[in-house]
Novice: 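Structure below; questions to follow.
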Amino acid sequence: MSKKIQAIRGMNDLLPEQSPVWQYLEGTVKEVLASFGYDEIRMPIVEQTALFKRSIGEVTDIVEKEMYTFEDRNGDSLTLRPEGTASCVRACEEHGLLYNQTQRLWYTGPMFRHERPQKGRYRQFHQIGVETFGIASADIDAEVILLTARLWAMLGLTDAVTLQLNTLGSNDARARYRDALVEYLTQHLDQLDEDSQRRLHSNPLRVLDSKDANTQAILANAPQLHDYLDDDSREHFARLRSILDAAGVSYEINQRLVRGLDYYCKTVFEWVTDKLGAQGTVCAGGRYDGLVEQLGGKPTPAVGFAMGVERLVLLLETLERIPSAVLHTVDVYLCAVGDGTDQAALLLANQLRDEALGLRVLTHCGGGSFKSQLKKADKSGARFALILGDSELSAGTIVIKDLRVDGEQVTLAQADVAAWLNEQLYS
């Protein structure tokens with residue numbers, strides 16, 4: 001017997017019992033995005049490797065260690081996208097969507113990074129991303145944060161997440177701080193953890209993210225980023241905070257929040273939770289005013305974020321914040337018992353779908369005893385079983401059994417069933 005082929009480690013199947021929660025999350029996100037007037041864009045999952053090297057930075061962990069990169073048959077170096085921002089910028093620039101225009105865009109889909117799989121971190125993972133272009137003022141920074149805050153409210157997660165906020169200043173201010181940080185940390189080089197020693201000259205701001213206790217103790221006396229900010233960045237950050245304060249969105253200032261990608265400037269933010277252990281970031285983003293020019297376009301201000309679908313699903317499940325209706329994908333299970341009832345059941349199910357829009361009807365197919373069909377009806381999660389037997393077929397009626405509440409069965413004319421179900425399920 002040949003060996004069974006299994007999924008690649010860290011690339012998971014989404015099973016039928018899991019998909020309703022994903023649909024609920026994705027549907028809620030789309031509803032919020034539509035209410036803010038954002039348009040969807042879809043990009044390919046494979047891009048030229050140079051796109052990510054130029055945008056993310058060649059000395060980042062993503063490019064050095066985590067990208068799925070290969071040569072195609074023409075000898076071109078291609079990469080499965082590890083994040084969506086660079087692809088979105090490439091698509092917008094390629095199709096002329098940026099110059100002298102403003103755009104508010106969103107996308108969703110799989111991303112790929114070769115990391116050690118663990119709960120909440122996978123090699124194929126899914127993100128929903130938002131990117132805005134052409135607006136330099138702090139009000140758009142505030143808008144994308146207010147958008148996420150509205151999403152948490154709709155999902156019932158407001159009390160489970162905390163907004164961490166920082167500003168990196170201009171590229172010049174960031175460079176001055178980088179030099180001061182390197183000078184300070186060099187004096188303590190032998191006390192830093194191995195990753196921080198490696199990052200010190202290639203990407204020193206990432207040292208601020210270190211989880212090593214000794215490194216964090218050293219950082220306690222390190223230069224502070226906000227001491228190196230330019231006036232414009234200070235004013236931008238003050239305006240952002242003023243809008244968030246007026247909107248009642250609470251936040252924490254975290255001067256060690258720098259994000260892991262080279263293209264960020266000014267505003268950076270993360271929504272974090274303490275309900276998922278080590279994988280606590282569920283949404284993160286910021287401003288990246290130089291990226292479009294870095295990839296060959298005209299200077300274009302931009303700000304955006306990405307949220308991890310797997311982590312948000314895990315958070316909803318952990319906190320049991322999923323509406324019960326989401327977990328039950330069927331309203332009615334239609335049992336067909338007796339010769340000639342199978343065709344009539346299919347036609348009746350279609351009639352009910354026409355007359356009761358949104359009604360979810362699962363029709364039994366394949367025959368079987370009444371007892372076995374009723375067991376399947378109960379297992380389906382449906383509220384009601386509709387029973388169509390020989391006598392009901394002849395009389396033009398249907399028997400309705402409530403599967404969740406004890407009570408008498410109801411017999412109705414088939415023409416009256418849709419209205420009755422509407423009243424029971426939606427009133």
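Keep in mind it's a predicted model, so treat the numbers as computed, not measured.
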Novice: Checking Tyr99 now: which residues fulfil ring-ring contact (aromatic ring centres under 6.0 Å, His included) with it, not counting sequence neighbours?
Specialist: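 Result, ring-ring contact (aromatic ring centres under 6.0 Å, His included) vs Tyr99: none returned.
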Novice: Minimum heavy-atom separation for Met43 to Cys88, with atom names?
Specialist: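 Closest heavy-atom pair between Met43 and Cys88: CE-N, 3.8 Å.
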Novice: Looking at Lys30 and Glu26, is any side-chain nitrogen of the basic one under 4.0 Å from a carboxylate oxygen of the acidic one?
Specialist: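 Answer for the salt bridge query: no.
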Novice: Identify, with sequence neighbours excluded, every residue that meets ring-ring contact (aromatic ring centres under 6.0 Å, His included) alongside Phe70.
Specialist: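 For Phe70 there are no ring-ring contact (aromatic ring centres under 6.0 Å, His included) partners, ignoring immediate neighbours.
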Novice: Taking side-chain hydrogen bond (donor to acceptor under 3.5 Å, both in side chains) as the cut-off, I'd like each qualifying pair that reaches into residues 142-163, sequence neighbours left out, listed once.
Specialist: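 The answer is Tyr38-Glu143, Arg104-Glu143, Thr148-Trp271, Asp159-Arg321.
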Novice: If a pair satisfies salt bridge (Lys or Arg N to Asp or Glu O under 4.0 Å) and one of its residues is in residues 264-293, list it, with sequence neighbours excluded.
Specialist: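 Every pair satisfying salt bridge (Lys or Arg N to Asp or Glu O under 4.0 Å) with a residue in residues 264-293: Asp141-Arg287, Asp232-Lys266, Arg259-Glu270, Arg287-Asp289.
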Novice: Can you confirm whether Asn166 sits close enough to His226 that some side-chain heavy atom of one is under 4.5 Å from a side-chain heavy atom of the other?
Specialist: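 Side-chain contact under 4.5 Å: yes.
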Novice: Mind listing the closest non-hydrogen atom pair of Pro82 and Met67 along with its distance?
Specialist: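 Looking at all heavy atoms of both residues, the closest pair is CG-SD, 4.0 Å.
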Novice: Hey, are the side chains of Ile322 and Glu317 touching, using non-hydrogen atoms and a 4.5 Å cut-off?
Specialist: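 Yes - at least one pair of side-chain heavy atoms lies under 4.5 Å apart.
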Novice: Can you tell if the side chain of Thr28 reaches within under 4.5 Å of the side chain of Leu151, non-hydrogen atoms only?
Specialist: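 A side-chain contact exists here, since the closest heavy-atom pair is under 4.5 Å.
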Novice: Which pairs with one or both residues in residues 125-137 pass side-chain hydrogen bond (donor to acceptor under 3.5 Å, both in side chains), sequence neighbours excluded?
Specialist: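 Of all non-adjacent pairs touching residues 125-137, those that pass side-chain hydrogen bond (donor to acceptor under 3.5 Å, both in side chains) are Thr85-Glu131, Tyr107-Glu131, His126-Glu310, Glu131-Tyr288, Ser137-Asp139.
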Novice: Parallel, tilted or perpendicular for Tyr333 and His364, by the 30°/60° rule?
Specialist: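 Tilted, since the angle between the ring planes falls between 30° and 60°.
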Novice: Check whether any side-chain heavy atom of Val32 sits under 4.5 Å from a side-chain heavy atom of Met154, and report yes or no.
Specialist: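 Sidechains of Met154 and Val32: in contact.
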Novice: Applying ring-ring contact (aromatic ring centres under 6.0 Å, His included), name anything that partners Phe269, two or more places apart in sequence or on another chain.
Specialist: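 Phe269: no ring-ring contact (aromatic ring centres under 6.0 Å, His included) contacts found.
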